[in-house]
Amino acid sequence: YALSMPHDEL
Amino acid sequence: MNVFRLLGDVSHLVAIIILFLKIFRSKSCAGISGKSQVLFALVFTTRYLDLFTSFISIYNTVMKVVFLVLSYATVYLIYLRFRSSYDSESDTFRVEFLLVPVAGLSFLENYDFTPIEILWTFSIYLESVAILPQLFMITKTGEAESITTHYLFFLGLYRALYLANWVWRYHTEGFFDQIAVVSGVVQTIFYCDFFYLYVTKVLKGNSKLTLP
């Protein structure tokens with residue numbers, strides 16, 4: 001499944 | 001953002017700065033695995049490709065740039081500036097045994113079959129094993145300077161704090177990044193025996209870590 005939001009963690 | 005993630009990022013930054021300053025001020029990279037540092041530079045490169053495409057926050061952008069600059073600067077110090085002190089005979093871990101499975105898995109198990117997402121997944125899987133050449137080098141030489149152990153301590157602590165961050169985010173916002181969590185658990189497990197040695201030996205005031 002596509003992870004909706006962009007990766008917000010470093 | 002939560003306190004665990006912030007402490008984790010700070011711990012990660014401290015680790016990278018400790019290593020860079022150790023090499024820069026002692027003008028020597030003895031005991032340091034150049035291979036691990038190259039792998040970390042590759043981790044940041046493949047993970048932060050979205051540096052210019054998706055803006056999260058000033059903090060996010062600044063930290064990404066700092067991690068990229070310091071990791072490449074460290075690789076430069078090891079392989080170019082102080083290469084005469086690089087102990088290549090002890091840094092013999094076969095990184096292809098890490099890169100091939102990690103690359104294969106990132107094509108098989110990912111959230112989205114797009115170049116950016118596969119490279120992000122590659123960076124997550126690679127980071128979980130990137131420290132192995134360094135840990136292997138320490139077991140091979142049988143010792144590590146105490147500054148190197150402090151570097152490893154903060155580096156291991158950072159992902160352990162991220163595990164706490166994921167527990168927190170799961171309970172507060174229902175966030176669950178399965179790929180990052182599984183890789184983070186594996187990554188932290190690799191540090192466990194080092195953590196034991198660090199607490200029992202280095203914190204007892206030994207000048208350096210000598211393996212039994």
Side-chain angles (χ1 to χ4, degrees), chain A, chain B residues 1-2 4-6 8-13 16 43-44 46-51 53-57 59-68 71 109-114 116-117 119-121 123-124 127 158-159 161-163 165-166 168-169 173-181 183-184:
Chain A
Y1 66 98
L3 200 69
S4 56
M5 67 283 186
H7 301 293
D8 64 345
E9 296 183 334
L10 289 177
Chain B
M1 175 57 79
N2 60 67
F4 302 111
R5 183 145 67 108
L6 191 58
D9 291 340
V10 167
S11 182
H12 196 184
L13 183 62
I16 293 174
V43 165
F44 292 134
T46 52
R47 186 174 303 178
Y48 298 157
L49 294 172
D50 64 350
L51 185 61
T53 56
S54 71
F55 176 77
I56 305 282
S57 68
Y59 169 82
N60 188 274
T61 302
V62 167
M63 289 295 269
K64 283 176 176 176
V65 171
V66 167
F67 284 170
L68 278 166
S71 64
E109 186 60 40
N110 53 59
Y111 293 133
D112 197 14
F113 204 80
T114 59
I116 284 270
E117 193 59 28
L119 286 169
W120 176 86
T121 309
S123 81
I124 293 289
E127 188 188 4
Y158 127 73
R159 214 59 177 172
L161 286 167
Y162 256 72
L163 295 179
N165 152 63
W166 288 318
W168 178 268
R169 291 191 73 179
E173 51 188 283
F175 173 89
F176 182 63
D177 182 343
Q178 180 175 352
I179 287 176
V181 170
S183 302

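Letters go in sequence order (proteins before strands), and every chain restarts at 1.
- With a threshold of 4.5 angstrom between heavy atoms, B/Phe44 does not approach chain A through any atom at all.
- For the residue pair A/His7 and B/Asp50, the shortest heavy atom distance occurs at O-OD2, 4.2 Å.
- The two atoms that bring A/Leu10 and B/Phe67 nearest to each other are CD1-CE1, 3.9 Å, heavy atoms only.
- Neither the backbone nor the side chain of B/Phe113 comes within less than 4.5 Å of any heavy atom in chain A.
- Among B/Arg5, B/His12, B/Met63, the residue making the largest number of heavy-atom pairs under 4.5 Å with chain A is B/Arg5.
- Looking at B/Asp9, the atoms closer than 4.5 Å to chain A (heavy atoms on both sides) all sit in the side chain, from C-beta outward.
- To the nearest 0.5 Å, atom CZ of residue B/Phe175 and atom CD of residue A/Glu9 are 4.5 Å apart.
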